[in-house]
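Keep in mind it's a predicted model, so treat the numbers as computed, not measured.
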Amino acid sequence: MDIFANVLAAAPGLLDPSVILAMLAGTAIGIAVGALPGLSATMGIAVLIPLTFSMEPLVALGMIAGIYNGAMFGGSIPAILLRIPGTPAGIATVFDGHEMAKNGQARLALDVSLASSSIGSAVSAVALLLIAPPLVLIALKFSPANYFWLAVFGMTTIAILLAGNPAKGILSACFGLCLGVDGISGAERFTFDTLELLSGIHIVVLLTGLYAIPPAIDLLMGKNTIDAGNIELGEKTAGFKWLSLIPTWIRASGIGLVVGIIPALGGNIAALLAWQEERRWSKKQDNWGKGEPAGLAAPECANNADTAATLIPALTLGIPGNAVAAVVLGALLVHGLLPGPELFRANADITYGFMLSMLVTAGMMFVIGKLGARLYVNVLRIPNTILGPMILALTVIGIYAIHNSVFEVALMLCFGLIGFGMEKLSIPTAPAVLVVILGQIAEENLRRALLISGDDFGYLLQGPISIILVTLTGIAPVSLWLPKLGIGRNKPKVSLDEEEQQGGLQI
């Protein structure tokens, strides 16, 4: 598989005016979405997917790439200016970013965040282009039994590690399994004698309901209300030594890539790990938490280096690394693109075009963020009474446009209420969405493996790949007991000021 030949073949597709416009619009929308506390890249993409049915696949995926990259940077705007993380990954940004703003360095903080985010996103996109194709060659050696265990491994790690409470993560995963469709026999499941459910639940209906409706309800209830106040961005930043951040960017990018490839971790973990690791390397540890530029650059670079990296297992193996990657997989399925090795063979031009768009939108994010810093500050001033209804209207229109079905709109709203309730009970919604995708992969490949072997369950454990995956699946639950055994208890020393700062975060 010639990576560079495929990249060169896909590159002209990005020069299409409609694709360029889609990437620009997606990046701008993503920054705006990330800048609004309570909203996220997951919600932005979930709202967008129903509106992309009439678009060409590359146009839709280019816009999705822009939203993904843009939202990760956008989350730093309220984190720096208002001490309110726009996204979960923005938590570590608050530690030093807001202190810089309080010290009269708001513009420098935004510039450091923008440069770090762009570098992290670019590194992640290059890694996606270089790592994903060789990983496909490995995936081609997978048998149905291997794919079954791979899906089980993905569901287990996601359900257990993604949730703070493993029981709640498993409960969410079981909910997702109930929503699966029997793709082998076509047997009806939980249709309740309803004609509209005979063909199953459309993935976009589920994604939009669980991820777009709960934030809108919060906005309508008056939550996430912010006071933009008098934000000044007039100070000069010409004297800052940017070269001093290069080692920070290198280390943070590496952490973001590793965390992104591992399923069920995510940008917030990458950001926190990078912040702590960079502090360990720093010769000015007393400045951390008081407005240290490296303390802002590290988490912002790491959480953006996580973006495209999470798509590596998603595109090649069908295992999304986080909730955003799961929504992106949903977008691929909507446009008739099946994740896995076939994606790189039958749809190489679109696949490589999408990966290139992740790199291009990283550059667009820097330009748009630099030119529109003042404009995006005004995004923080949009009243909740306007924003909430706007989100609801877009979701209703988008879902109705799928099949012109009022039933699906009602179903989406029901999932929204379920998602809202799950959030209030601290039950994560991500495992449910991920298991809807992985559960079908697991079931279909289990059926195929048993058909091939004549119902011999021993066939499932044949070969080194299956044994390795079974071992990894067993490690996930065991890892939860390591802290109880005294392993991994060491915590970094945190000053009282930092403890107060971390404890007082609002999301």
Side-chain angles (χ1 to χ4, degrees), residues 33-34 36-50 71 75 78 84-91 158-159 162-165 167-179 190 192 197 201-226 266 268 322-324 326-327 330 382-400 402 405-437 505-507:
V33 167
L36 291 164
L39 307 188
S40 64
T42 311
M43 190 229 69
I45 296 173
V47 172
L48 172 69
I49 289 176
I84 303 174
T87 62
I91 293 174
I158 288 164
L162 196 63
N165 186 325
K168 292 181 178 180
I170 293 173
L171 179 62
S172 177
C174 290
F175 172 65
L177 283 174
C178 293
L179 300 175
F190 301 103
F192 304 104
L197 292 176
I201 297 171
H202 201 288
I203 185 67
V204 178
V205 175
L206 176 66
L207 291 173
T208 306
L210 291 182
Y211 284 103
I213 302 301
I217 295 175
D218 279 336
L219 291 170
L220 292 173
M221 293 176 65
K223 297 186 178 181
N224 300 321
T225 301
I226 56 180
N268 52 340
N322 58 16
V324 185
V327 178
I382 298 177
N384 291 356
T385 53
I386 295 177
L387 185 62
M390 284 176 57
I391 295 173
L392 287 176
L394 285 173
T395 57
V396 169
I397 293 172
I399 294 301
Y400 181 77
I402 298 177
S405 171
V406 176
F407 177 83
E408 289 190 334
V409 172
L411 193 61
M412 180 267 294
L413 294 175
C414 287
F415 282 127
L417 294 175
I418 292 173
F420 181 75
M422 291 173 70
E423 288 188 0
K424 297 308 170 188
L425 295 173
S426 299
I427 300 174
T429 55
V433 175
L434 299 174
V435 169
V436 167
I437 298 173
L505 292 177
Q506 305 173 34
I507 301 178

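- Leu171 pairs by the side-chain contact (heavy atoms from CB on, under 4.5 Å) definition with Ile427, not counting sequence neighbours.
- Note that the CD1 atom of Ile418 and the CG atom of Leu413 stand 11.5 Å from one another [nearest 0.5 Å].
- For the residue pair Gly419 and Pro214, the shortest heavy atom distance occurs at C-CG, 3.8 Å.
- Of all heavy-atom pairs between Lys168 and Ser426, the closest is CD-O, 3.3 Å.
- Under the side-chain contact (heavy atoms from CB on, under 4.5 Å) criterion, Ile217 pairs with Ile213, Met221, Leu417, Phe420, not counting sequence neighbours.
- Once rounded to the nearest 0.5 Å, the distance linking OH of Tyr400 with CE of Met412 reads 13.0 Å.
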